[in-house]
Trainee: 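Just passing along the structure, written as structure tokens.
Treat the numbers as computed from the prediction; the structure is a model and nothing was measured. Positions are given from 1 along the sequence.
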Amino acid sequence: LHALLHGRLDIIVGALRDPCPSTDIEQKKLFQDSLSIVVRPGHPLEKCGAVSPMELRDLGWIAPREDTPARAAFTHFFENNGLSPPQHVIECSSLVATRGMLMESDRAALLSARQVEVDVRFGLLAVSSQHLRGTGRDIGVALRKGWKPTRVQQRFLDRLEQEC
């Protein structure tokens with residue numbers, strides 16, 4: 001965000017912040033994405049059906065950083081089920097590090113199934129079939145207000161919007 005505000009970045013693509021983090025930033029929604037429970041292949045959650053929120057709270061978790069839309073979804077999922085969120089989590093903002101920890105442990109993470117689609121296809125990670133209501137988040141672009149894209153940047157933004 002700092003780099004965007006100071007002109008070192010022109011576009012951020014990712015989860016949108018609510019409220020918008022700055023009056024100098026414009027956010028445009030591209031789509032909504034839900035989060036899923038991601039585990040290693042062979043994890044007990046991989047094949048089991050519905051698991052109670054209490055059972056989910058007792059898992060070892062790798063959680064997104066505080067003040068991120070994904071962490072808010074993580075927290076709200078438990079709170080909406082009348083539970084306090086897990087307190088003993090490994091906090092990690094790196095998808096690479098999260099992948100490594102998931103593959104080598106029985107921990108779980110709340111991630112977008114889209115983010116780990118290739119890992120799932122190659123059998124490196126698994127996505128639980130359990131649907132988690134209330135974990136949707138808006139994905140889009142953040143731009144500086146008044147910023148004028150080059151032709152190439154505008155084509156990129158147009159294509160991104162078409163694909164989404």
Trainee: Between I11 and L5, is there a shared hydrophobic cluster once you connect ILVMFWY residues whose side-chain heavy atoms come closer than 4.5 Å?
Mentor: no
Trainee: Verify the cluster assignment for V51 and F74: are they in a single hydrophobic cluster under the rule of side-chain heavy atoms below 4.5 Å apart?
Mentor: yes
Trainee: Could you measure the distance from the CZ atom of R133 to the CG atom of N80? Nearest 0.5 Å is fine.
Mentor: 9.5 Å
Trainee: Can you tell me which residue pairs pass the ring pair (Phe, Tyr, Trp, His ring centres under 6.0 Å) test with a partner in residues 1-37, sequence neighbours excluded?
Mentor: H2-H6
Trainee: With a 4.5 Å cut-off on side-chain heavy-atom distances among I, L, V, M, F, W and Y, is there a chain of contacts connecting V116 to V96?
Mentor: no
Trainee: Can you name the closest pair of heavy atoms from Q153 and W147 and give their distance?
Mentor: OE1-CZ2, 3.2 Å
Trainee: Can any side-chain N or O of Q27 pair as donor or acceptor with the backbone N or O of R17 at less than 3.5 Å?
Mentor: yes
Trainee: R137 and D18: salt bridge (Lys or Arg N to Asp or Glu O under 4.0 Å), yes or no, with the steps?
Mentor: CA-CA 10 Å; R137 44 189 197 142; D18 185 23; over 6 Å; no
Trainee: Roughly how far, to the nearest 0.5 Å, is CG of D33 from OG of S112?
Mentor: 3.5 Å
Trainee: Is any side-chain N of the basic residue among R71 and E91 closer than 4.0 Å to the acidic one's carboxylate O?
Mentor: yes
Trainee: When you compare the side chains of D158 and Q154, does any donor N or O come within less than 3.5 Å of an acceptor on the partner?
Mentor: yes
Trainee: Applying a strict under-4.5 Å side-chain criterion to I, L, V, M, F, W and Y, I'd like to know whether W61 and L35 cluster together.
Mentor: yes
Trainee: Taking only residues two or more places apart in sequence or in another chain, which ones pass side chain to side chain contact (heavy atoms under 4.5 Å, CB included) with A126?
Mentor: V39, E46
Trainee: Do T75 side-chain atoms and A72 backbone N/O form a donor-acceptor pair below 3.5 Å?
Mentor: no
Trainee: Side chains of M103 and L125, heavy atoms from C-beta outward: is any pair under 4.5 Å?
Mentor: yes
Trainee: Between K29 and D138, is the closest basic N to carboxylate O distance under 4.0 Å?
Mentor: yes
Trainee: Could you pull out the closest heavy-atom pair between C92 and T98, with the gap in Å?
Mentor: SG-OG1, 3.5 Å
Trainee: Hey, quick one: are I12 and V141 part of the same hydrophobic cluster, counting side-chain heavy atoms closer than 4.5 Å, chains of contacts allowed?
Mentor: no
Trainee: I37 and side chain to side chain contact (heavy atoms under 4.5 Å, CB included): which partner among L56, V127, T135, L111?
Mentor: L56
Trainee: CZ/R107 to CD1/I62 distance, rounded to the nearest 0.5 angstrom?
Mentor: 6.5 Å
Trainee: If you count the non-hydrogen atoms of other residues, nucleotides and ligands that lie under 6.0 Å from CZ in R8, is the total more than 12?
Mentor: yes
Trainee: Quick check for you: to the nearest 0.5 Å, what is the distance between L1 atom CG and L9 atom CG?
Mentor: 9.5 Å
Trainee: Please tell me if the side chains of V118 and R121 come closer than 4.5 Å, counting only heavy atoms from C-beta onward.
Mentor: yes
Trainee: Mind listing the closest non-hydrogen atom pair of D106 and R40 along with its distance?
Mentor: OD1-NH2, 2.5 Å
Trainee: Closer than 3.5 angstrom, by distance alone: can the side chain of S105 be matched with the main-chain N or O of M101 as a donor-acceptor pair?
Mentor: yes
Trainee: Taking 4.0 angstrom as the limit, do R99 and D119 come out as a salt bridge?
Mentor: yes
Trainee: Step by step, would you call V38 with L110 a side-chain contact (heavy atoms from CB on, under 4.5 Å)?
Mentor: CA-CA 6 Å; V38 179; L110 204 57; over 6 Å; no
Trainee: Considering all heavy atoms of both residues, which atom of L16 and which atom of I139 are nearest to each other, and what is their separation?
Mentor: CG-C, 4.1 Å
Trainee: Minimum heavy-atom separation for K145 to T23, with atom names?
Mentor: NZ-O, 3.0 Å
Trainee: So which atom in F78 and which in P53 form the shortest heavy-atom distance, rounded to 0.1 Å?
Mentor: CE2-O, 3.8 Å
Trainee: Using side chain to side chain contact (heavy atoms under 4.5 Å, CB included) as the criterion, list what pairs up with V152, not counting sequence neighbours.
Mentor: T150
Trainee: Just verifying a value: how many Å separate Q162 CD and L160 CG, rounded to the nearest 0.5 Å?
Mentor: 9.5 Å
Trainee: Can you tell me how far CZ of F122 sits from CD of E117, rounded to the nearest 0.5 angstrom?
Mentor: 11.0 Å
